[in-house]
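Take a look at the structure set out below.
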Amino acid sequence: MSNLNIIKNKLYGEGVEVPLTDDELISVCLTFPGTLVAACDGDFDNDERLTMLDISESLSDGDEATDSDARLGSAERYRAFMWLLDNKKDLEDIIFSGIKEIIANDDQASANLVSMLHEVAETSDGISNVEMEEIKRISEKLGIKASIN
């Protein structure tokens with residue numbers, strides 16, 4: 001069973017119709033490290049939540065203000081972010097394994113991921129030591145550089 005199917009089954013239940021496309025779920029998984037950074041200091045504050053909501057909206061093909069399907073999709077992606085974060089201990093290795101496959105030999109994808117981690121960390125008064133340590137931990141597990149330079 002693929003990592004994506006494992007995540008689908010854990011997130012929605014086995015055999016349940018998934019409201020996100022595979023590409024949307026992959027995007028949610030690629031954003032998972034950002035939720036880890038946002039929550040690593042034990043204070044997942046409103047600014048960090050709004051950043052994650054902005055990311056879920058940016059993954060939409062439509063306009064949330066006028067398209068109810070786009071709005072529901074954004075809400076579902078945000079819900080998936082939060083559920084994955086709540087279940088990170090069981091899913092981190094599975095998600096990271098999938099991310100490693102996606103970013104393998106793609107320097108731009110790796111750079112975009114690291115940039116997102118820094119963006120999320122800077123949301124609340126700059127990057128704290130705890131957030132920088134989490135960025136380093138995630139980068140090491142994914143086999144990428146932790147710095148954006």
Side-chain angles (χ1 to χ4, degrees), residues 1-45 48-62 64 67 69-124 127-128 130-149:
M1 179 181 287
S2 75
N3 288 341
L4 192 60
N5 284 333
I6 292 169
I7 293 165
K8 281 182 191 177
N9 289 338
K10 291 198 177 272
L11 184 57
Y12 294 102
E14 204 161 324
V16 174
E17 186 175 333
V18 178
L20 297 174
T21 66
D22 284 357
D23 286 344
E24 288 175 312
L25 194 53
I26 288 168
S27 293
V28 167
C29 290
L30 284 168
T31 309
F32 173 72
T35 61
L36 294 176
V37 171
C40 72
D41 61 3
D43 181 23
F44 196 24
D45 64 28
E48 291 164 327
R49 289 178 190 273
L50 285 170
T51 297
M52 297 314 299
L53 182 59
D54 288 345
I55 290 170
S56 75
E57 290 172 347
S58 74
L59 296 173
S60 177
D61 290 333
E64 284 80 12
D67 182 349
D69 288 337
R71 188 171 179 208
L72 288 171
S74 178
E76 185 59 35
R77 285 186 296 277
Y78 182 79
R79 185 195 78 77
F81 290 149
M82 296 302 102
W83 188 88
L84 293 174
L85 179 62
D86 287 342
N87 293 278
K88 65 184 175 192
K89 288 183 180 165
D90 293 335
L91 297 172
E92 182 177 294
D93 289 341
I94 294 167
I95 294 170
F96 281 8
S97 175
I99 291 172
K100 285 167 76 170
E101 288 177 27
I102 291 169
I103 64 172
N105 303 316
D106 188 341
D107 292 338
Q108 188 59 52
S110 298
N112 291 343
L113 181 60
V114 171
S115 179
M116 186 232 351
L117 296 178
H118 285 264
E119 178 184 333
V120 170
E122 290 173 355
T123 299
S124 299
I127 301 176
S128 70
V130 172
E131 290 167 328
M132 194 63 227
E133 288 303 314
E134 183 68 352
I135 291 170
K136 288 178 184 175
R137 182 189 77 80
I138 291 167
S139 298
E140 184 175 298
K141 286 191 92 169
L142 294 175
I144 58 178
K145 295 188 314 187
S147 70
I148 54 177
N149 296 329

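Positions are given from 1 along the sequence.
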CD-CD1 distance between E14 and I6, expressed to the nearest 0.5 angstrom: 10.5 Å
For the OG atom of S128 and the CD atom of E122, what is their distance to the nearest 0.5 Å? 11.0 Å
Kindly compute the distance separating CE (M82) from OG (S56), expressed to the nearest 0.5 Å. 8.5 Å
Do E48 and V37 pass the side-chain contact (heavy atoms from CB on, under 4.5 Å) test, and can you show the C-alpha distance, the side-chain angles, and the key distance before you say yes or no? CA-CA 9 Å; E48 291 164 327; V37 171; over 6 Å; no
If only atom types and distance count, is the side chain of S115 paired as donor or acceptor with the main-chain N or O of N112 below 3.5 Å? no
About how many Å separate CG of L91 and CD1 of I7, when rounded to the nearest 0.5 Å? 6.5 Å
Do NZ/NE/NH1/NH2 and the carboxylate oxygens of R79 and E76 come within less than 4.0 Å? yes
S139 side-chain N/O to K136 backbone N/O, donor-acceptor pair under 3.5 Å: no
If the test is side chain to side chain donor-acceptor pair (under 3.5 Å), which one of D45, T123, T35 qualifies with T51? T123
Assess the residue pair H118 and M132 against the criterion (side-chain contact (heavy atoms from CB on, under 4.5 Å)); give the C-alpha distance rounded to whole Å, side-chain angles, the decisive distance to 0.1 Å, and a yes or no. CA-CA 8 Å; H118 285 264; M132 194 63 227; 4.0 Å; yes
Using every non-hydrogen atom in the two residues, find where L11 and A80 come nearest and quote the distance to one decimal. CD2-CB, 3.9 Å
Rounded distance [0.5 Å steps], CD1 in I95 versus CG in L4: 10.0 Å
Roughly how far, to the nearest 0.5 Å, is CG of L113 from OG1 of T31? 8.5 Å
Using the salt bridge (Lys or Arg N to Asp or Glu O under 4.0 Å) rule, pick out the option among K141, K88, K100 that qualifies with D93. K141
